[in-house]
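Here the structure comes first, spelled out in structure tokens, and everything after it is commentary.
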Amino acid sequence: MFDTALTSSDFLFLARGAGMTLLVTAISVVLGTCLGIACGIFRFQVGPWWAAPMTFLLDIFRSIPLLIQLVLVNAFLGMVLKLKISGFSVACGVLTLYTAAYCAEIVRGAIEAVPGTTRRAARSLGLTWWQDMTSIVLPLATRVALPSWIGLALGVMKDSALVYIVQVTELLKATQILITRLQEPLLLLMICGLFYFVISFPLARLGGYLERRWSND
Amino acid sequence: DKLDDIISSGTLRCAVVLDFPPMGSRDADNNPIGFDVDYCNDLAKALGVTAEIVETPFPERIPALMSGQVDVGVASTSDTLERAKTVGFSVPYFAFEMVVTASDKSGIKSFDDMKGKTVGATAGTFEAIALEKQVTEWGAGEFRPYQTQADVFLALSQGQLDATVSTSTVAQANVKTGNYPGIAVVGKAPFDIDYVALFTNRDEYGFINYLNLFVNQQVRTGRYAELFEKWVGGEVPSLTVPNAYR
Amino acid sequence: MIEIEKVHKSFGQLKVLKGIDLRVAKGEVLSVIGGSGSGKSTLLTCINGLEPIDSGRILVDGTEVHAKSTDLNKLRRKIGIVFQQWNAFPHLTVVENVMLAQRKVLGRSKPEAEAEAVRQLSHVGLGDKLKVYPSRLSGGQQQRMAIARALAMSPHYMLFDEVTSALDPQLVGEVLDTLRMLAAEGMTMICVTHEMKFAREVSDRVAFFHKGVMAEIAAPAELFGAPKSEELRAFLSATH
Amino acid sequence: MIEIEKVHKSFGQLKVLKGIDLRVAKGEVLSVIGGSGSGKSTLLTCINGLEPIDSGRILVDGTEVHAKSTDLNKLRRKIGIVFQQWNAFPHLTVVENVMLAQRKVLGRSKPEAEAEAVRQLSHVGLGDKLKVYPSRLSGGQQQRMAIARALAMSPHYMLFDEVTSALDPQLVGEVLDTLRMLAAEGMTMICVTHEMKFAREVSDRVAFFHKGVMAEIAAPAELFGAPKSEELRAFLSATH
Amino acid sequence: MFSYKFQWNQAFARLPQMLDGALITMQIAILSMVLGILLAIVLTVFRRSGSRVLSGIATSWVEIARNTPALFQIYMAHFGVATFGIHFNPFTSLLIGITFNNAGYLAENFRGALKAIPETQTRAGRSLGMTSNQAFGYIMLPQMLRIAFLPMTNQMVWAILMTSLGVTVGMSTDLYGVTQALNALTFRTFELFALAGVVFYVIVKLIQFAARLIAMRLFRY
Ligand SMILES: Nc1ncnc2c1ncn2[C@@H]1O[C@H](COP(=O)(O)OP(=O)(O)OP(=O)(O)O)[C@@H](O)[C@H]1O
Ligand SMILES: Nc1ncnc2c1ncn2[C@@H]1O[C@H](COP(=O)(O)OP(=O)(O)OP(=O)(O)O)[C@@H](O)[C@H]1O
Ligand SMILES: [Mg+2]
Ligand SMILES: [Mg+2]
């Protein structure tokens, strides 16, 4: 089963694809989380009515396929606005907004989970809104949000497999390229799947563990 | 205009399909090679810039141009009138004949044998559009468009497809690699000759002019025949249609 | 001195405070009693500016609480408040709970804040629970921690909102003892309470709220001994 | 008749029942009292075979509960049990709650099961709540529904495990009245209870459990009037 | 402002074809959801069965489904298994891929939901003489499905969105496939995909709305 035409340079090629997957994921998750936190806090602070336009906008990213988002944004920036933007930037941009859309919901839920009475107590000790946010809400909300956030980050990593559509050669695309040349689909797909699994599985387990631990106290 | 932009930027970005041997593929180090790759390099040399090969699957060729990812398509693109509404084509730089490739097990010996079978082609190509129409006409069998030419041949050799229609050069090249055991070119497909052209934005007349002259020069200087010999071999197809101007 | 003048307050359509007039002098212990929904808690949250008021004014040591120019965060340092629901910060240990506001609001150094926290916690009898997380404390201990947390800010006034009503009966005593101790030390206090015995023993004056109005206010002996209004009589007989 | 002979039972290291011997005759009402953790609930769950035992044996109408050959599902139809925590099936209406086991276990037809359910529910005073979901019921009503659910299986014996201890005081009465009614109708019952008054009035005998041992068993007048052991005396004085 | 000329009529003219595609998309999503729920229940039962083999199978399924990309799973269902000579047409491959994914995620949701149901519920059922299967089927299962209803709705939405990945296995009749084919004909990329996006959005909103109605009818308790 393991007599394969796979050479070390092919592995390097796959590794570069994996690197691209991780790079796109890292950039999108970092930027998307920042944006998502801002949107989540905004949504909580101004209430559902005033945040409705933003909520609607973010909801779009959760209601149409990522493939279409990528194609559309790519076409809009390039065809309509005639901007020269690399596929990599488009991929990161769309995945950032995609992350932010989910992250905002997680953040809002987590802030809502901090009891109002606890926040009242902080304010009546003289803490400012900002101090209350950083010293009380942030640590408490983080506990609620972190497990879901880990799930989100892993989800983004898996969904980043779709950025091939804007000419970014990430892991799965790299695998397909090699399948084209080597005609060993099963072996190559197994290697590819294993890579995702090895990254995703332990982190998902960590998320589950944190969730269990923090829901106990 | 675009011609100036390319010259001043110093790079020419070509959309090339890289799972379409011999027009475009990858070598053992996964570097792009093929007729289209060389053609792009020639064009870049003529312009005095360096070439950058951007791999695009078939369905993404024109979107990649429209969204500014590439400057020109050197991607074996059929010059249909429908498409010409959106992009600007040069004169043809290559011509394909369509052939039927079938798996041995299917028992298909000619184009008409394909009736009622499961057939496929690369989504968004000239032959895919024609074949799908044909299957609908037959009213029997199934048509499956795959995202890449490679997926089509993979499906064919795995037995998921009974036959495919593709350009003769591509079919020959793929069968020759030996990567796909159990398939063979069995005959011609009665489709028109598929003339393919370079394309760029519809309104870039200056650049289109340049591309037309470039195609002409390639034939004139014998470079076209040279590249054909290198990648395909055999009789060099004519790029002009008798009794018509272009 | 806390001066409350003609304070009106409503939530939407609901009038919760209908013209409250009240003065609490330095060193005085005032108990507030009254039925559920009569506006007692609302009054306390208005005094430290957690809730805006519709009209009237509240002065704390001469500063108008609801004036635009007032720095509420600064004012709130003077006024400690402890609520009915325990609201320990669950992610901080007991001593960190008491240190947090000292450090963030008063800008105290860590050792300073810690020393004060230990002092106040020992004062309320939690000297041995410093490093424990609040989830490990009983309700009564959590309330005493909340009191220590407020006291650590060296407030001039303390407001207590039914601090014992969510506690099991056997835990009520320890919290009331802490309040008694504070009263004896001369702290100015407003205690909203359902514990009539406590109100009678500890307070200088007792105020009775009824439907957003301060229906009666008097020394405890007088108020409990000879209730003037029908409502107070009904209230007192119902709570026995 | 329920016969319990030298039953031992432990959870891991913890010995919960240490040799219980007990007979409950047809028509008898036995109350079981005792401190928390003394093994009362465990005994009940052993009687209907929800828990295995370590040694000894339990016979119900002559069938050994823990014998390999015993069809427990069949046996359990004879023994109704109602637990302390309400365990209404929240996704079914009151009448569906009572019908479910009749249909699935006894294989009754729908109209049959429904008629029986209505009868039993009316019996416990819930005739007007048939189509309501349990979440709309008070705790006392939920308990009575659980009793009706058990009775609908026409059990020969009923086991009650502190059916009133999670209820508000004002709801306890209605559930105890239901038990009294059952006792009066001649149902054989074992009631684990903290309600001494109830135990005294209704039971034929009262058993006192202490740390896994049945320390005393006697008629209520005797047991409450002249407790023999030190532990029972301590227990009785603590519960007053 | 833009030099780009939108040609929306080109897209709208193709709307009927796209709506046909939308029907196929819904069909796949609904089928994959129904099968996914059934399989997830089986996986849940496997995981509770106490048998090492069964719970091992179930756990592997769940972990692979949750820790690899859906695109990978679909690609595998077509080109991967074909290595063993097993051939599925694109529709089936897509259905298998999405169902595999749904079942994995749902099984995990079901496990969480079961944890939220007090153990006393089974006890109550058992003491009424029910077998353990009856207690699971009539008491635990309905409550589990209720608790997991929101995650199930979300999974349904994801199933709809996942159908767009069918093009990689030769699917051309679903909404995304149709849109891509039309794009190859006309190259009005932006207009066509924008319209497809709107259709997807409407489908998703309809599903969420329907879910709310269903929840209101089913879960009156
Ligand atoms: N944030 C709020 N929004 C709307 N209404 C409120 C709010 N807070 C309190 N209320 C209403 O104001 C009224 C007075 O409430 P308040 O909490 O002051 O009563 P209370 O005297 O403290 O009663 P209790 O003894 O029950 O604590 C009540 O009817 C209450 O429902
Ligand atoms: N499933 C179990 N696993 C482990 N230990 C258990 C289990 N059930 C009960 N125990 C332990 O067995 C002992 C007896 O429990 P049991 O519930 O029978 O007491 P009880 O007399 O009913 O007390 P209470 O009045 O509090 O209900 C307790 O120490 C309890 O912690
Ligand atoms: Mg109050
Ligand atoms: Mg018990």
Side-chain angles (χ1 to χ4, degrees), chain D residues 41 44-51 71-94 96-107 131-137 142-143 145-146 148-155 157-161 166, chain E residues 34 37-38 40-41 44-45 48-51 106-107 109-153 210-221:
Chain D
S41 303
L44 295 196
T45 49
C46 290
I47 292 176
N48 84 342
L50 280 175
E51 290 285 355
D71 180 350
L72 272 176
N73 295 321
K74 203 161 157 193
L75 184 84
R76 286 190 190 129
R77 298 179 204 165
K78 282 195 190 170
I79 311 170
I81 183 165
V82 181
F83 299 99
Q84 165 177 349
Q85 311 90 335
W86 318 317
N87 30 48
F89 306 138
H91 59 300
L92 301 175
T93 59
V94 168
E96 285 165 354
N97 255 278
V98 182
M99 286 163 66
L100 180 70
Q102 291 187 62
R103 302 208 51 201
K104 304 298 172 189
V105 177
L106 304 182
K131 301 284 178 206
V132 165
Y133 282 95
S135 57
R136 294 281 149 73
L137 297 183
Q142 291 202 32
Q143 282 299 41
M145 189 207 75
R149 196 170 64 184
L151 290 176
M153 307 296 287
S154 324
Y157 306 96
M158 286 290 292
L159 316 180
F160 295 97
D161 190 3
Chain E
V34 172
I37 290 172
L38 294 178
I41 291 172
T44 308
V45 172
R48 291 164 62 89
S49 68
S51 147
L106 289 173
N109 289 329
F110 288 173
R111 193 168 70 136
L114 280 180
K115 260 198 223 144
I117 306 174
E119 196 44 47
T120 55
Q121 288 282 316
T122 324
R123 286 209 148 196
R126 293 306 298 274
S127 55
L128 288 168
M130 291 187 192
T131 64
S132 65
N133 286 342
Q134 284 176 324
F136 182 79
Y138 298 118
I139 297 171
M140 301 299 268
L141 198 62
Q143 297 186 53
M144 176 187 91
L145 290 177
R146 186 219 159 127
I147 298 173
F149 190 75
L150 185 67
M152 272 156 64
T153 311
R212 218 165 297 152
L213 285 188
I214 293 171
M216 259 157 47
R217 272 203 64 76
L218 281 184
F219 307 136
R220 273 164 304 174
Y221 57 97

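Note that the structure is a prediction, hence the values are computed from the model and not measured. Letters go in sequence order (proteins before strands), and every chain restarts at 1.
Residue D/Thr93: no heavy atom, backbone or side chain, is found under 4.5 Å from chain E. Heavy atoms of D/Asn87 lying under 4.5 Å from chain E belong to its backbone as well as its side chain. For D/Ala146, no part lies near chain E; criterion is any non-hydrogen pair under 4.5 Å.
Looking at every heavy atom in both residues, D/Leu100 comes nearest to E/Met130 through CD2-CE, 3.3 Å. Scanning all heavy atoms of the two residues, the minimum distance from D/Phe89 to E/Ala124 falls at CE2-CB, 4.0 Å. Here the closest non-hydrogen pair linking E/Gln143 and D/Pro90 is OE1-CG, 3.1 Å.
In this structure a side-chain-to-backbone donor-acceptor pair under 3.5 Å is present from D/His91 to E/Tyr138. With E/Gln134 contributing its side chain and D/Lys104 its backbone, the two residues share a donor-acceptor pair below 3.5 Å.
Considering only residues two or more places apart in sequence or on other chains, E/Phe149 meets the ring pair (Phe, Tyr, Trp, His ring centres under 6.0 Å) condition with E/Phe219. In terms of the side chain to side chain donor-acceptor pair (under 3.5 Å) criterion, D/Arg77 has no residue partners (sequence neighbours excluded).
Interatomic distance, D/Arg149 CZ to E/Ser127 OG, rounded to the nearest 0.5 Å: 7.5 Å. Note that the CD1 atom of D/Ile79 and the CG atom of E/Leu128 stand 12.0 Å from one another [nearest 0.5 Å].
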Candidate pair D/Glu51 and E/Arg123, rule side chain to side chain contact (heavy atoms under 4.5 Å, CB included), full reasoning: CA-CA 10 Å; D/Glu51 290 285 355; E/Arg123 286 209 148 196; 2.7 Å; yes

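Between chain D and the residues E/Ile139, E/Ile117, E/Thr131, the most heavy-atom pairs under 4.5 angstrom are made by E/Ile139. Comparing D/Ala152, D/Ala88, D/Gly49 by how many heavy-atom pairs each has under 4.5 Å with chain E, the most go to D/Ala88.
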